[in-house]
Amino acid sequence: MFDNQKCKKCQFKSSATKLLNNEELNKLEQNCSEIELKKGDTIFRQGILSSNIIFLKKGVVKLHIEGQYKEQIIKIAKGPIYLGIPTTFDEKYNRYSATTVEKANACFINIETFKQFVQNNGKFAYEIIVELCRNEINLFHKCISRTQKNARGRIADALIFFSDEIYNNTIFKLPLTRNELGNYVDTTRESVSRILAEFSKEKIIRLKSKKIEILKKKQLELISRTG
DNA sequence: GCATTAACCACAG
DNA sequence: CTGTGGTTAATGC
C-alpha cells in the first residue's frame, strides 16, 4: 500500500508539495494512499465523517450539495487540485460531496499529517492559502453569473468554462447530463436542451449529443455578457 | 395589452 | 436520458 518514493517521484506534485523537505516527503509517503477512480465514483459524501484531504492528481470531479429540493452542483474541478480542505480541516462532517465525472486518480492524505505541514512549513501553507483564495474568487464570479445573467448567458459561461478551464480545447465531450448541467447553472434540463439547440441552430456551437465544438467563441462571450 | 423568459408537464424516442 | 411542444406565471415595456 505504501509504495516508497511514490510521492517524491510524483509527476503531479502540487505547488505546495514541491516545497516539502525530504523528511516531510517521507512522512507524506507513509500517510498517503493513491487510488484509481471510475466515472461516477464517490470520493467523499456529504454528511459522513470527514477524515482525509484529497489530492486529485488527474481527472474531473463535481462538488455538490444535496439541497432541500434538488442536488446543486457547486463546482466542477480538474486535477491537480486539493479537494475537501474546507470540509475536512475544521469540520467534523462533510458539508458537501465530491464525485468523479470522469475516471480519475486521487491520493487520500491523512488529515493530521496535512495539518502538521501547514503548521510547520510556512511555504507549504502559503501555497495552500493561495489555492483557497483562488477558489473563493472563482466562486464570487460564479455567484455573479448565477444572479445577474439569464439562462443563455449562464450556459454560455459554462461552455466557455469547460472549453478554457477544463479541456483546453474548442472541442470536448460534456461530462455531465443535461440535468446535471442544469443543476450546475441553475436552470432546468429542458432549458438546457432548448438553449443548446438554439446555439447550434445559430451556428455558435456544433452539437451532437454530448460532443460540443465551439464555433464562435466571440459570440458566446457576447451572450455571456449581455444574455 | 403584448412580448419575453423560463419553469412545469407530458409524451415520444 | 433527451428533445420538443403546450401551458402558465412573472416581469417589463
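Letters A, B, ... mirror the listed sequences (proteins, then strands); counts begin at 1.
Look at A/K142 and A/D157 and you find no salt bridge, because none of the NZ, NE, NH1 or NH2 atoms lies under 4.0 Å from a carboxylate O.
Note: NZ (A/K173) to P (C/dC1) measures 14 Å, nearest angstrom. Following rounding to the nearest Å, A/I195 (CD1) and B/dT5 (P) show an atom-to-atom distance of 10 Å. Put simply, NZ on A/K39 is 12 Å from C1' on C/dC1, counting in whole angstrom units.
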Each nucleotide of nucleotides 2-7 of chain C classed B (base within 4.0 Å of a protein heavy atom), S (only sugar-phosphate) or -, in 5' to 3' order, makes BBBBB-
Scoring nucleotides 8-13 of chain C by protein non-hydrogen atoms under 4.0 Å (B base, S sugar-phosphate only, - none) yields ------
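Under 3.5 Å, the side chains of A/N120 and A/E24 contain no donor-acceptor pair of N or O atoms. Side-chain N/O atoms of A/N138 and A/K75 include no donor and acceptor closer than 3.5 Å.
Within 6.0 Å of NZ on A/K211 lie no more than 12 heavy atoms contributed by other residues, nucleotides or ligands.
With sequence neighbours excluded, the residues forming a side chain to side chain contact (heavy atoms under 4.5 Å, CB included) with A/N110 are A/N31, A/E112, A/T113, listed by chain and number.
For an aromatic pair to be called close, the ring centres must be under 6.0 Å apart, and A/Y96 with A/F44 satisfies this. Remark: aromatic rings of A/F114 and A/F124 are close, center separation under 6.0 Å.
Using cut-offs of 30° and 60° on the angle between ring planes, the pair A/F162 and A/Y167 is parallel.
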